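Below is one structure, written out as structure tokens; comments come after it.
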Amino acid sequence: MPELPEVETVVRRLRPLLVGAKLKSSKYHDAKLRTAPLEKFVGTVTAVRRSGKNILVDFNSGSSISFHLRMTGNLLWEKRSSKNGSTQVGGAILNHSDEKHLRCRLNFDRGELRFVDIRRFGTVELIREPKAPGALPIDPIEDPLDADILAKLIGSSRQQIKVWLLRQDRLVGIGNIYASEILFSAKISPFRAANSLEAPERKRLVKSTLAVLQKAIQRCGTTFSDFHDPDGASGSFQNFLKVYDREDKSCRSCRTSVARAVQAQRSTYYCPKCQD
DNA sequence: ATTATATCCTGATCGC
DNA sequence: TGCGATCAGGATATAA
């Protein structure tokens, strides 16, 4: 499930592949995917960057293509081979599942970018005008964040803090896996009302948010079921998860059984003892 | 205004 | 062996 660390990993791998590349044409295999007539869109890539969980590919015209991987999206790169027409993706043969779920292919002068998405939640759109920089939402990696800023973001929200952390209109990048991991790290109960957090708790929450996300980025993200980087490689942060998907297993800190609860139709994992 | 819920989608898994 | 039910969750539309 691509969250901020997975998207950041994709962006870092794509950047050297795409910057300077010329887009010649595109083909869309899933009508549901296309939100603009992109087939005729051409140009030279000037930058690849992350905006929240979106992957933005900027072109010299000033327009950008924005990808969102949602649940199962993958961006795979096929280097154009000058020697033969082999279908290599980062050294690995494009497998049957990728062929079956291929949603669009962007034909660049130096290779092909393929958007593969099993569940078709992913999106691709053309953005003609850059979004004016505003105060919200805050990016925990790119923007300043401390306990006071967090308090302003939370405002008077009484949402349970786990549910609040998933909101992309306040703080971008956190999804279901990292929300549980961050709260465990901060030793805060997922059921606490967001606006009930005291300053020391907000301070711990900020510190844990940065620590967990940065460590996950270092590990190239979490590969649970579908996530791979453009070369087809997996992340390794799944080996470092403390509570996510560990129901009834012992807490790595106190050996209490990890509990699972459902909040806003999503699983939350937590230690009932460590997170009072 | 905020907050809660239903919906989208497919593959894996489970119980019978 | 199959077959229906359930689960996974990011974001949005709709409801309350």
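Here the structure is a predicted model, which means the values were calculated and not measured. Here is the naming used below: chain letters follow the sequence lines, and residue numbers restart at 1 for every chain. Hydrogens, waters and symmetry mates play no part in the numbers below; they use all other heavy atoms, side chains included.
- Under the 4.0 Å criterion applied to side-chain N and carboxylate O atoms, A/K203 and A/E201 are not assigned as salt-bridge partners.
- At C/dC7, none of the side-chain N or O atoms of A/R260 fall inside 4.0 Å of OP1 or OP2 (strictly under the cut-off).
- Rounded to whole angstrom, the span from the CG atom of A/N195 across to the C1' atom of B/dA1 amounts to 15 Å.
- Within 4.0 Å of A/R103, counting heavy atoms only, lies no atom of the nucleic acid at all.
- The side chain of A/Q265 lies closest to B/dT5, out of B/dT3, C/dA8, B/dT5.
- Nearest-nucleotide assignment on DNA chain B puts the 5′-proximal partner with A/R170, out of A/A264 and A/R170.
- To the nearest angstrom, P of C/dT12 lies 7 Å from NE2 of A/H68.
- What separates CH2 of A/W164 from P of B/dT2 is a distance of 13 Å, to the nearest Å.
- Phosphate proximity of B/dT10 to A/K100: absent, as no side-chain N or O sits under 4.0 Å from OP1 or OP2.
- Taking 4.0 angstrom as the limit, A/T72 places none of its side-chain polar atoms (N or O) nearer than this to OP1 or OP2 of B/dG11.
- Considering only side-chain atoms of A/R119, the nucleotide from C/dA8, B/dT3, B/dG11 that sits closest is C/dA8.
- A/K242 has no carboxylate O lying under 4.0 Å from a charged side-chain N of A/E181, or vice versa, which leaves the two without a salt bridge.
- With rounding to whole Å, A/R70 atom CZ is found 12 Å from B/dC9 atom C1'.
- A salt bridge does not link A/K32 with A/D30: every distance from a Lys NZ or Arg NE/NH1/NH2 to an Asp or Glu carboxylate oxygen is 4.0 Å or more.
- Distances shown here put every side-chain N or O of A/H101 at or beyond 4.0 Å from the OP1 or OP2 atom of B/dC9.
- As a whole-Å value, the separation of A/E6 CD from C/dG10 C1' is 13 Å.
- When the P atom of C/dT12 is taken as reference, atom CG of A/L166 falls 14 Å away, rounded to whole Å.
- Mapping A/R167 and A/R120 onto DNA chain B by nearest heavy atom places A/R167 at the nucleotide closer to the 5' end.
- For A/F240, the ring pair (Phe, Tyr, Trp, His ring centres under 6.0 Å) criterion is met by no residue, not counting sequence neighbours.
- Comparing atom distances between the A/K32 side chain and each of B/dA4, C/dT12, B/dC9 picks out B/dC9 as nearest.
- Spacing between atom CG of A/D117 and atom P of B/dC9 amounts to 12 Å, rounded to whole angstrom units.
- When heavy atoms are screened at a 4.0 angstrom cut-off, A/R266 is found touching base atoms of the nucleic acid.
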>> Between A/L106 and A/L38, is the side chain to side chain contact (heavy atoms under 4.5 Å, CB included) condition met? List the steps.
In response: CA-CA 10 Å; A/L106 306 189; A/L38 280 165; over 6 Å; no
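- Going from atom NZ of A/K53 over to atom P of C/dG10 covers 5 Å, rounded to whole Å.
- Contact between the side-chain N/O atoms of A/S267 and the OP1/OP2 oxygens of C/dA8 is found at a separation under 4.0 Å.
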